Amino acid sequence: PSSYRKKKLLQRSPRLQFKAKMCTLEKRGSIFILTLTGDGEHRLNPTLLDSIQSSLRRVRQEATASSALVTTAHGKFFSNGYDIAWARSSDEVKERMILMDSLLRSVVSDLLTLPMPTIAAVTGHASAAGYTLALAHDHVLMRSDRGFLYMSELDINLVIPAWFVALLEAKIGSPAARRHVVLNAAKLTAKEALRLGVIDSAHDSAAETVEAALALAADLVKRGWVGHVYAQNRKVFLGRVIRAVEDTSERKSYTTSRL
């Protein structure tokens with residue numbers, strides 16, 4: 001949607017207009033820590049997505065020669081997906097779904113082109129679009145005492161976007177595992193996600209997950225990789241995913257699914 005259209009949609013949504021900043025960005029040496037704040041579900045509405053993207057712009061601007069990003073969240077949820085309740089609270093449901101899709105594509109595009117390794121420390125449930133946000137990172141670490149990864153589209157009567165599937169295909173090697181994720185709407189615990197190769201490692205608590213993510217980030221920074229070279233290699237490696245993120249031709253089938 002155009003910036004004017006986006007502004008008009010947000011003007012009609014007082015529930016979103018006055019929320020405080022929904023994420024924080026901290027820098028420790030060459031490591032950036034992006035945290036989705038608060039104890040809510042971290043639903044990906046325009047306010048949160050804009051806040052994430054603003055933080056990623058800062059990361060890009062302030063990056064040193066060799067940096068890393070860790071993304072995590074407070075509370076029980078990493079992210080519970082799109083804010084469908086916000087979309088349904090208006091007679092412009094399709095337009096609001098398109099807006100959230102557009103903003104998430106922009107965030108994921110930023111992550112896929114960021115000149116540094118990226119790590120998702122999944123400290124709670126990650127569902128649907130929230131699962132996609134986690135998978136958009138180069139590495140995914142997950143707590144094992146609580147939370148699951150869940151592509152919930154079948155259970156909520158939505159058609160999974162083709163660009164979500166492109167990301168799943170790039171990040172989950174086994175066709176059987178991908179089928180389990182998408183066509184069984186499986187709720188993967190950290191143990192099962194690790195067995196299926198969906199995540200890099202599992203940890204006993206939220207704090208230990210973040211600690212492990214920071215340790216991994218420090219190890220990657222020590223490699224001394226040049227940021228723009230890392231980004232170019234990622235672009236080559238994930239070129240099909242990047243093209244899928246940029247291709248909005250399949251939005252019609254997504255936004256006209258039963259809401």
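Since this is a predicted model, take the numbers as computed values, not measurements.
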Checklist entry - So, the side chain of Ser90 versus the backbone of Trp86: is there a donor-acceptor pair under 3.5 Å, distance only? => result no
Checklist outcome for this item: Separation between CG (Leu114) and NE2 (His228), nearest 0.5 Å, reads 14.0 Å
Checklist entry - Of the options Asn80, Val122, Leu149, which is the one that meets Tyr131 in a side-chain contact (heavy atoms from CB on, under 4.5 Å)? => result Leu149
Checklist entry - Looking at OG1 of Thr118 and NE2 of His139, how far apart are the two atoms once the value is rounded to the nearest 0.5 Å? => result 7.0 Å
Item to check | Min side-chain heavy-atom separation Val59-Met116 under 4.5 Å | outcome: yes
Checklist entry - Would you find a donor on one side and an acceptor on the other, under 3.5 Å apart, between the side chain of His203 and the backbone of Arg143? => result no
Checklist entry - Backbone N or O of Val140 within a donor-acceptor pair of the Asp200 side chain at under 3.5 Å? => result yes
Item to check | Heavy-atom donor-acceptor pair, His42 side chain to Phe77 backbone, under 3.5 Å | outcome: yes
Next on the checklist: With rounding to the nearest 0.5 angstrom, report the NE2 to CG distance, His74 to Asp39.
Outcome noted: 8.5 Å
Checklist entry - Would you say the side-chain atoms of Lys191 pair up with the backbone N or O of Ala202, donor to acceptor, closer than 3.5 Å? => result no
Item to check | Under 3.5 Å: donor-acceptor pair, side chain of Arg96, backbone of Ser89 | outcome: no
Next on the checklist: Using the rule that Ile, Leu, Val, Met, Phe, Trp and Tyr join whenever any side-chain heavy atoms are under 4.5 Å apart, tell me whether Val108 and Tyr230 fall into a single cluster.
Outcome noted: no
Checklist entry - Taking NZ, NE, NH1 and NH2 as the nitrogens, is one of them in Glu246 or Arg243 under 4.0 Å from a carboxylate oxygen of the other? => result no
Checklist outcome for this item: What one should report as the nearest heavy-atom pair of His180 and Leu196 is CD2-CD1, 4.1 Å
Checklist entry - To the nearest 0.5 Å, what is the distance between CZ (Arg146) and NE2 (His125)? => result 7.0 Å
Next on the checklist: Keeping Arg178 on the side-chain end and Ile172 on the backbone end, is there a donor-acceptor pair under 3.5 Å?
Outcome noted: yes
Checklist entry - What is the ring orientation for Phe164 with Tyr82, classed by angle as parallel under 30°, tilted 30 to 60°, or perpendicular over 60°? => result tilted
Next on the checklist: When you compare the side chain of Ile31 with that of Leu214, does any pair of heavy atoms fall below 4.5 Å?
Outcome noted: yes
Checklist entry - Under a 4.5 Å cut-off applied to non-hydrogen side-chain atoms, are Trp163 and Thr248 in contact? => result no
Next on the checklist: So does Ser66 get a backbone contact from the side chain of Arg223, meaning a donor-acceptor N/O pair under 3.5 Å?
Outcome noted: no
Checklist entry - Does Thr72 use its side chain to pair, donor to acceptor, with the backbone of Thr35 at less than 3.5 Å? => result no
Checklist entry - Distance from Lys171 atom NZ to His137 atom NE2, nearest 0.5 Å? => result 9.0 Å
Item to check | Hydrophobic cluster membership, Leu56 vs Val70, 4.5 Å side-chain cutoff | outcome: no
Item to check | Straight-line distance of Asp101 CG to Lys94 NZ, nearest 0.5 Å | outcome: 14.5 Å
